[in-house]
Amino acid sequence: MSTGNADFRDSGLVFPPGFTFGSATASYQVEGAAAEDGRGSSIWDTFSHTPGRVWNGDTGDVACDHYHRWESDLDLMAELGLDAYRFSIAWPRIMPTGTGEVNRAGTDFYSRLVDGLLERGIRPVATLYHWDLPQPLEDAGGWPVRATADAFERYAEVMGAALGDRVHTWTTLNEPWCSAYLGYGQGGHAPGRHEPAAALAAVHHLNLAHGRAVQALRATSTGDPQYSVTLNFHVLRGVGDNAGEAVRRIDALANRAFTHPLLKGEYPADLLADTASVTDWSFVEDGDLAQINQPIDVLGVNYYSTATVRLWDGSSPRQQNDGHKASAGGTAWPGSDQLVEFVEQPGPYTEMGWNIAPEGLEELLLALRDEFPAQPLMITENGAAFADDVAPDGAVHDAERVDYLQRHLTAAHRALEQGVDLRGYFVWSLLDNFEWGYGYAKRFGVVRVDFDTLERTIKDSGLWYRRLARTRAIPAADELG
């Protein structure tokens with residue numbers, strides 16, 4: 001579809017009753033307390049403590065210290081008027097070795113967190129996996145081996161029994177694309193492996209883990225939660241000769257490798273053909289696709305930017321992009337005789353180097369509506385990193401982030417007006433936090449964290465978002481509070 005030259009910046013647009021406004025975080029990025037109360041080690045503990053892996057040698061050992069400051073952080077959420085809070089559970093805090101005994105201190109922490117949210121009228125949206133695989137499971141092979149999906153099913157059973165009476169929405173996985181391709185193919189994320197065949201095996205076992213977890217959560221949750229999975233979609237533009245072929249290949253690898261098994265119960269034939277020289281997909285066993293293809297109540301959509309691709313013929317240096325959300329990690333996958341490369345896109349850009357393209361969000365939502373018309377959608381992450389300046393009075397006037405949010409929420413509203421069954425929007429992120437390989441160098445929060453004192457300060461974007469949550473209408477850029 002074409003969006004022309006429309007201005008994706010508006011105010012006064014009203015969202016429908018029941019539309020959810022929330023914010024999101026992830027356990028390793030905010031919790032800290034990495035070695036407290038029986039928590040085991042994760043692949044991100046190992047990765048971040050390996051010299052040269054993370055900017056400045058930063059780790060998540062302390063992060064935002066949310067583990068100790070959760071009550072005041074929940075008060076902050078209430079002050080922002082959030083309808084819901086999307087958090088992730090640290091698997092190694094629940095089962096330190098990934099299997100075996102359950103750490104009661106871990107389940108108690110998340111039980112207190114859920115109760116605290118409910119006391120403040122905030123709906124708990126719990127993600128089982130946001131990339132912090134217990135290190136012992138990686139030592140045994142990680143996501144490329146089937147046993148990890150077996151262990152995840154057991155972990156889901158434990159959490160369903162512990163919190164399934166109170167959680168509003170269960171999300172099984174966050175961005176399995178990143179876990180598989182960046183963790184096992186491109187190597188820029190934990191565990192940092194460069195094994196294309198292992199990356200594709202990880203794709204399948206993550207899909208399988210999702211399907212099994214949905215069944216386990218349904219069997220153990222005694223409340224009436226909804227069930228979900230969150231994917232980061234590649235909104236693609238093709239350039240050069242055979243642009244359509246370049247888009248098709250990356251769409252198969254990055255998007256349809258997940259949506260088709262999860263929502264259709266099949267792997268795309270062109271994906272299998274494209275990757276035949278890498279793997280024979282023999283890790284897909286009889287019955288797996290039926291296990292994967294479980295009905296879900298809502299599909300989580302993470303969107304940050306678009307990606308531009310072209311076929312590389314070997315005549316020029318191949319460009320790669322290591323952005324963990326905006327490209328296929330720079331991994332050029334074999335086709336028949338050519339590779340696909342990611343090329344630089346026109347700006348403007350965020351501090352991550354990602355292009356700002358709100359029209360891509362509308363395009364994505366409409367495309368998902370067209371392909372999966374019966375599937376409700378939820379924007380589970382959208383946001384931007386900028387170099388925030390602190391004013392002399394301590395305020396953070398992050399006008400660029402306010403503009404980014406206004407433009408993307410306008411795009412979301414346009415999709416709603418065109419019949420997309422969009423249930424809500426979660427801004428990424430509540431807090432400045434540990435931004436994976438970028439350490440603490442990139443700030444996404446609508447709340448600033450001083451990483452020396454851990455003091456929290458609501459930025460102008462947070463005040464703007466509070467007005468949005470209270471009025472259910474998109475504020476003007478200067479309407480704060």
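Of the charged side-chain nitrogens involved, at least one lies within less than 4.0 Å of a carboxylate oxygen, so that Glu371 and Lys264 count as a salt-bridged pair. Of the charged side-chain nitrogens involved, none lies within less than 4.0 Å of a carboxylate oxygen, so that Arg448 and Asp388 do not count as a salt-bridged pair. Salt bridge Glu417/Arg414: absent, no basic N to carboxylate O contact under 4.0 Å. With respect to the salt-bridge test (charged N to carboxylate O, under 4.0 angstrom), the residues Arg456 and Glu79 do not qualify. A salt bridge does not link Asp421 with Arg369: none of the charged nitrogens is closer than 4.0 Å to a carboxylate oxygen. For Arg443 and Asp398, the salt-bridge test fails: no basic side-chain N is under 4.0 Å from an acidic carboxylate O. In this structure, Asp75 pairs ionically with Arg120, as a charged nitrogen and a carboxylate oxygen lie closer than 4.0 Å.
When the shell of 6.0 Å around CG of Asp370 is examined, it contains more than 12 heavy atoms from other residues, nucleotides or ligands.
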Handout entry: Criterion ring-ring contact (aromatic ring centres under 6.0 Å, His included) on Phe15 and Tyr425, from CA distance to verdict
Key = CA-CA 11 Å; Phe15 286 84; Tyr425 176 98; 8.1 Å; no
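You'll find the side chain of Tyr181 reaches within 4.5 Å of the side chain of Leu200, heavy atoms only. At a threshold of 4.5 Å between non-hydrogen side-chain atoms, the residues Ile356 and Thr350 count as touching. Side-chain contact between His408 and Val427 is absent, with no heavy atoms from C-beta onward closer than 4.5 Å.
Side chain of Tyr304 to backbone of Ala384: no donor-acceptor contact under 3.5 angstrom is found. A distance-only check finds no donor-acceptor pair linking the side chain of Ser429 to the backbone of Phe444 [under 3.5 Å]. With hydrogens and angles ignored, the 3.5 Å screen pairs no side-chain donor or acceptor of Gln186 with any backbone N or O of Gly183. Not a single donor-acceptor pair under 3.5 Å links the side chain of Tyr303 to the backbone N or O of Val235. One N or O on the side chain of Trp131 and one on the backbone of Asn174 form a donor-acceptor pair closer than 3.5 Å. Side-chain N or O atoms of Glu362 include none that pairs as donor or acceptor with a backbone N or O of Pro358 at under 3.5 Å. Judged by distance alone, with hydrogens and angles left aside, the side-chain atoms of Trp464 form a donor-acceptor pair with the main-chain N or O of Ala476 at under 3.5 Å. In this structure, Asn255 contributes its side chain and Phe233 its backbone to no donor-acceptor pair below 3.5 Å.
Aromatic ring centroids of Trp281 and Phe283 lie under 6.0 Å apart. Between Phe152 and Trp91, the ring center distance clears the sub-6.0 Å criterion.
Ser179 and Trp143 are not linked by any side-chain donor-acceptor pair at a separation below 3.5 angstrom, with hydrogens and angles left out of the test.
One distance of note links CZ of Arg166 with CG of Leu113; it measures 10.5 Å at 0.5 Å rounding. Here the CZ-CD distance, from Arg310 to Glu341, works out to 4.0 Å after rounding to the nearest 0.5 Å. Residue His413 holds its NE2 atom at 8.5 Å from CZ of Phe19, rounded to the nearest 0.5 Å.
For Asp297, there are no salt bridge (Lys or Arg N to Asp or Glu O under 4.0 Å) partners at least two apart in sequence or on another chain.
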